[in-house]
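First comes the structure, then the notes that go with it.
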Protein chains: 2
Amino acid sequence: MFAGMEEDKQLGLRLKLLRERSGLSQRGLAKATGVPNSTISLIESGKMNPSVGALRRILDGLAISLSEFFAFQPEAEKDVFYAAEDLPEIGKGGVSLKQVGTSLAGRAMMILKETYDIGADTGRVKYGHEAEEGGIVIEGRIEITVGDRRKILGPGDAYYFDSRNPHRFRQVGPRKCVIVSACTPPTF
Amino acid sequence: MFAGMEEDKQLGLRLKLLRERSGLSQRGLAKATGVPNSTISLIESGKMNPSVGALRRILDGLAISLSEFFAFQPEAEKDVFYAAEDLPEIGKGGVSLKQVGTSLAGRAMMILKETYDIGADTGRVKYGHEAEEGGIVIEGRIEITVGDRRKILGPGDAYYFDSRNPHRFRQVGPRKCVIVSACTPPTF
DNA sequence: CAAACATGTTTGTTATCCTGAACGATTTGC
DNA sequence: GCAAATCGTTCAGGATAACAAACATGTTTG
C-alpha cells in the first residue's frame, strides 16, 4: 500500500467524470489513446497512482490538457466576496502573501496583497514563474529588479512585466512595504 | 527508452525552475518532502516520468498545486516600471482610474488603482465580452453589487467575479475609497 | 593544503506501474 | 434462447518508478 490513496481516489473520480462527460467508455478511450482499458479502470477506481506520462496520454484522448485537468473542480463554488481575515495567506521569510480566491483553479488571474517586512527580500530569482505580473505600491518602498533593469518604487508607483524574466523584490527604507499585485496563468 | 522523453524533459525543467525560485536545493526539497533527492534529480534531468503522487509530494514542499504547476510555462521578454505621476488617468464622475500600462495591447490583464470620491457611483455596468475582474480594498468603504449579490467591503476585503455579470460600485461612508483591481482584457 | 560540507549525479534494489489476457455481468441481435 | 457485443474488473508478467546508498565535483573552513 502507499500513502496517497485518498488523492488517487479523487483523481480517478475526476477522470471518470470527464470521460463520461465526453460520452466515451473505458474501452473507447483506451482505443483512442493506446492505453489499455485496464489501466484506465485501475486509475478511475483509485487503485493506481498513474505516472504523469500515462495520464497525459489518456487526457490527450479527451482533448484535455494536464493544466485543465488539475484545474477542473466538479463542484467549484466561485465566491464573489472575501473578508480580509478569510484571505488565504502564504508567508515565507518576511514576505506575506494574501491571495484573493482559494486557488488559481478556474481563474484567469490571481490577485495578491503582498506585505514585505523590513529587510525582506525574495532573493535573486534566476527564472520567472507565471506569465505576466503587475502591481501597484500602496505604502513603503521596494526595489524591484527585472532582468537587468532595477528601480525603487514608492507609493503609487507601478510595474508590469513578463514574469518569466528573472526578478527580485527587496524591501528598502524605514517601513514595511505593501503591494497589490496580479499575475496570470497562461492558457495552455 | 520510452516515448514521452521530450515531455519529461520539459516537466523536469519546469520543476527545476520552480525549485530554484524558492531557493531550495534538491536535498533541501528532499528533506522537506520525504522524497529522496535522487528522485528529484532524475525528474529534473528528464530521466524519469514521475507518478502524479510523487510529483504532488514534491510540489507540496514548494507550496505549489498540480494545477499551478502545469499552468506554469517558462520563457521571457518585456517589462516596465511606471512612476505614480506617469500612470494614465481616466476620470469620470467622482471615479478616478489610474491604469498600469499605457495600452492593453499584448497584455494579459489590466491593473487599475481606482479612487472613488464621496458618493461616487458607477451605476450598473455590464461587459459584453468574457472577462474576469477582482480587487482588494485599500482604504475607505464601498458597496459592490454583482448580479443579485451585494456587500459592503472595507480595507483588506476583496472581490472576484465574472464581469459579464452586471455589477455596480458605490462609495459609502465618510471617506473616499481606494481599490486596486485587475481585470482581463477582451480576447481579440 | 586538507577536512568538512554542500551541491547534483549515478548505481543497485525494491516496490509498483503498466500491460495483455482472462473474467463475470449486462445489453443487443437474430 | 443463445450467441455476440459491450461494459467494467481482476490477474500474472515484464517494465520502470521510487528508494537508499555511494559517487563525483565544487565550495567553504580551519
Side-chain angles (χ1 to χ4, degrees), chain A residues 1-62 64 66 69-70 93 123-127 166, chain B residues 1-62 64 66 69-70 74:
Chain A
M1 277 300 166
F2 49 89
M5 206 167 57
E6 199 50 48
E7 286 82 1
D8 287 347
K9 273 240 157 66
Q10 284 197 6
L11 187 150
L13 287 176
R14 206 180 282 204
L15 175 59
K16 184 183 172 79
L17 206 63
L18 287 166
R19 173 179 61 80
E20 288 176 342
R21 175 196 275 185
S22 69
L24 281 170
S25 68
Q26 288 184 349
R27 276 191 157 83
L29 183 54
K31 192 161 194 173
T33 59
V35 175
N37 62 317
S38 53
T39 299
I40 297 172
S41 171
L42 288 169
I43 293 174
E44 287 191 357
S45 54
K47 287 167 184 155
M48 194 169 87
N49 164 30
S51 72
V52 172
L55 183 59
R56 185 197 335 260
R57 286 198 299 280
I58 294 171
L59 292 179
D60 278 348
L62 296 172
I64 294 172
L66 285 163
F69 179 75
F70 286 109
R124 188 179 54 211
V125 178
K126 276 185 182 172
Y127 304 96
Chain B
M1 282 301 166
F2 49 88
M5 205 168 56
E6 198 50 48
E7 285 82 0
D8 286 348
K9 271 242 156 62
Q10 284 197 6
L11 186 150
L13 193 60
R14 213 179 275 203
L15 175 59
K16 184 183 171 79
L17 298 188
L18 288 166
R19 174 178 60 79
E20 288 176 342
R21 179 182 85 171
S22 68
L24 281 171
S25 69
Q26 288 183 351
R27 276 191 158 81
L29 183 55
K31 193 161 194 173
T33 59
V35 176
N37 63 315
S38 54
T39 299
I40 296 173
S41 173
L42 289 168
I43 293 173
E44 286 191 358
S45 55
K47 288 170 183 150
M48 193 168 94
N49 163 31
S51 72
V52 172
L55 183 59
R56 184 196 339 258
R57 285 199 299 281
I58 293 170
L59 293 179
D60 277 349
L62 297 173
I64 295 170
L66 286 163
F69 178 76
F70 286 109

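We name chains A, B, ... by the order of the sequence lines, and we start the count at 1 in each one. Below, each value reflects all heavy atoms present in this structure, side chains not excepted, and no hydrogens, waters or symmetry copies.
Counting only heavy atoms from C-beta on, A:K47 has its side chain closest to D:dT9 among C:dC18, D:dT9, C:dT19. Distance from the side chain of B:A54 is smallest to D:dA18 among D:dA18, D:dG8, D:dT10. Out of C:dC17, D:dA18, D:dA21, the shortest distance to the side chain of B:N37 is found at D:dA21.
Rounded to an integer number of Å, the gap from A:E20 CD to D:dC7 P is 12 Å. Rounded to a whole Å, the CD atom of A:E44 is 8 Å from the P atom of D:dG8. Distance B:N49 CG to D:dA15 P: 17 Å, rounded to the nearest Å. If you measure from atom CD1 of A:I43 to atom C1' of D:dG8, you get 14 Å, rounded to the nearest angstrom. Whole-Å rounding puts the B:K31 NZ to C:dT7 C1' distance at 15 Å. C:dC17 atom P lies 13 Å from atom CG of A:L55, rounded to whole Å. One interatomic measurement links the two molecules: CG of A:L42 to C1' of D:dC11, which rounds to 10 Å at whole-angstrom precision. Protein atom CZ of B:R27 is 11 Å distant from nucleotide atom P of C:dT9, rounded to whole Å.
Across all strands, B:S25 comes closer than 4.0 Å only to sugar-phosphate atoms, never to a base (heavy-atom distances). As judged by a 4.0 angstrom heavy-atom cut-off over every strand, A:S51 is placed among residues touching the sugar-phosphate backbone only. Residue contacts for B:S41: at a heavy-atom cut-off of 4.0 Å it reaches a base atom on one of the strands shown.
Counting heavy atoms from C-beta outward, A:L29 and A:I58 have side chains that approach closer than 4.5 Å. No side-chain heavy atom of B:L62 sits under 4.5 Å from any side-chain heavy atom of B:F69. Contact check for A:L59 versus A:L15: side-chain heavy atoms found under the 4.5 Å cut-off.
Close to D:dC19, at under 4.0 Å from its OP1 or OP2, lies a side-chain N or O of B:R57. Within the 4.0 Å cut-off from OP1 or OP2 of D:dT9, at least one side-chain nitrogen or oxygen of A:Q26 is found.
Each of A:R14, A:R19, A:K16 was checked for a side chain to side chain donor-acceptor pair (under 3.5 Å) with A:E44, and the lone residue meeting it is A:R19.
Between the OG atom of B:S45 and the CD1 atom of B:I40 there is a distance of 11.5 Å, given to the nearest 0.5 Å.
Within 3.5 Å, a donor on the side chain of A:S38 pairs with an acceptor on the base of C:dG20, or the reverse.
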